[in-house]
Amino acid sequence: LSFFMSATLFGFLMAMQAADRDDLQSRRLWMYVAWAAAALAILSKGLEAVVLPGAVFVIYTLVSRDWKRWKQLHYYGGLLIFLVIAAPWYVLVSLRNPDFFHYFFIYQHFERFLTPVAHRPGALWYFIPILIACVLPWWP
C-alpha cells in the first residue's frame, strides 16, 4: 500500500513538473503512471489508497491555488487505465461472492467507523492522542 500510494504521488508530482515545462508527452506518461499506481494501491488495501493521495491533491491545489492542475489529470485515459487494472478483480470477486460489495465497500469502509456496528467502546476522539504520540517523534 505504501509503495503504490507513494508511486501515485510521485507520478503526480512528476506530471506536474512536466506540466510546468510544457512537456505534454511527459506529463501524460507520468499521470498515467499515477493512475496505474492508484489502481494497484486500491487493489492492495481499498478505498483509502485513493482517498489519501486524492486528499493530498486537493490540499495541494487549495494551498497553491493552482486550479489548472485539475485540467492536467488526463481523466479519460487515466480512468480507463485505472478501471482496466482494478475493476476485473472486484467484478470477479463480486460475481463469486454476492455479499462482497456491501461487506468490503460499505461495511469495511463506512459502517465500521460511522456507526456503532463494530461495537467500539471508545469516544470519537480516542485516536487523536494515539496519532499525536505516533507522529510526534517525526515532527522535528
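On a predicted model such as this, the values are computed, not experimentally measured, just so you know. We number each residue from 1, following the sequence as shown. As a basis for the values below, the full set of heavy atoms in this structure was taken, side chains included, without hydrogen atoms, waters or symmetry mates.
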J.: For Arg27 versus Ala18, what's the shortest heavy-atom pair and its separation?
T.: N-CB, 3.6 Å

J.: Can you measure from CD1 (Ile81) to CE (Met31) and round to the nearest 0.5 angstrom?
T.: 10.0 Å

J.: Is it the case that over 12 heavy atoms from other parts of the model lie below 6.0 angstrom from the CZ atom of Phe105?
T.: yes

J.: When rounded to the nearest 0.5 angstrom, what distance separates OG in Ser94 from NE2 in His102?
T.: 12.5 Å

J.: Check whether Leu83 and Phe101 end up in the same hydrophobic cluster, where Ile, Leu, Val, Met, Phe, Trp and Tyr are linked by side-chain heavy atoms less than 4.5 Å apart.
T.: yes

J.: Begin with the C-alpha distance, continue with both residues' side-chain angles, and end with the deciding distance and a verdict on side-chain contact (heavy atoms from CB on, under 4.5 Å) for Val58 and Trp70.
T.: CA-CA 9 Å; Val58 169; Trp70 286 90; 4.0 Å; yes

J.: Please check this pair: side chain of Ser26 against backbone of Asp23, looking for a donor-acceptor N/O pair closer than 3.5 Å.
T.: no

J.: With heavy-atom distances below 4.5 Å as the criterion, would you say the side chains of Ile42 and Phe82 are in contact?
T.: yes

J.: Within the structure provided, determine whether Trp35 and Tyr75 are in side-chain contact (heavy-atom separation under 4.5 Å).
T.: yes

J.: Would you please name every residue forming a side-chain hydrogen bond (donor to acceptor under 3.5 Å, both in side chains) with Tyr103, sequence neighbours left out?
T.: Gln108

J.: Quick one, Leu95 with Phe100, criterion side-chain contact (heavy atoms from CB on, under 4.5 Å). Give me CA distance, side-chain angles, the key distance, then yes/no.
T.: CA-CA 9 Å; Leu95 289 174; Phe100 172 77; over 6 Å; no

J.: If Ile, Leu, Val, Met, Phe, Trp and Tyr residues are connected whenever their side-chain heavy atoms lie under 4.5 Å apart, and connections chain through other members, are Val93 and Val50 in the same group?
T.: yes

J.: So, taking the atom named CD1 in Ile59 and the one named OG in Ser64, what distance separates them when rounded to the nearest 0.5 Å?
T.: 11.5 Å

J.: Can you give me the closest heavy-atom contact between His74 and Tyr32, atom names plus distance?
T.: CB-CE2, 3.8 Å

J.: Quick check: Phe104 with Tyr90 (ring centres under 6.0 Å apart)?
T.: yes

J.: How close do Leu43 and Ala86 get, counting heavy atoms only, and between which atoms?
T.: CD2-O, 3.7 Å

J.: Restricting to non-hydrogen atoms, name the atom on Phe4 and the atom on Ser44 that form the minimum distance, rounded to 0.1 Å.
T.: CD1-OG, 4.2 Å

J.: Ignoring hydrogens, what is the shortest heavy-atom contact between Leu1 and Ala41? Give both atom names and the distance.
T.: CD1-O, 4.0 Å

J.: In the hydrophobic clustering that connects Ile, Leu, Val, Met, Phe, Trp and Tyr at side-chain heavy-atom distances below 4.5 Å, which members other than Trp30 occupy its cluster, ordered by chain and number?
T.: Phe10, Met14, Val33

J.: For Phe12 and Val56: C-alpha separation, side-chain torsions, deciding distance, then whether side-chain contact (heavy atoms from CB on, under 4.5 Å) applies.
T.: CA-CA 10 Å; Phe12 168 73; Val56 169; 6.0 Å; no

J.: Grouping I, L, V, M, F, W and Y whenever their side-chain heavy atoms are under 4.5 Å apart, do Phe3 and Met5 come out in a common cluster?
T.: no

J.: Determine whether Trp67 and Leu62 make a side-chain contact, defined as any pair of heavy atoms from C-beta on separated by less than 4.5 Å.
T.: yes

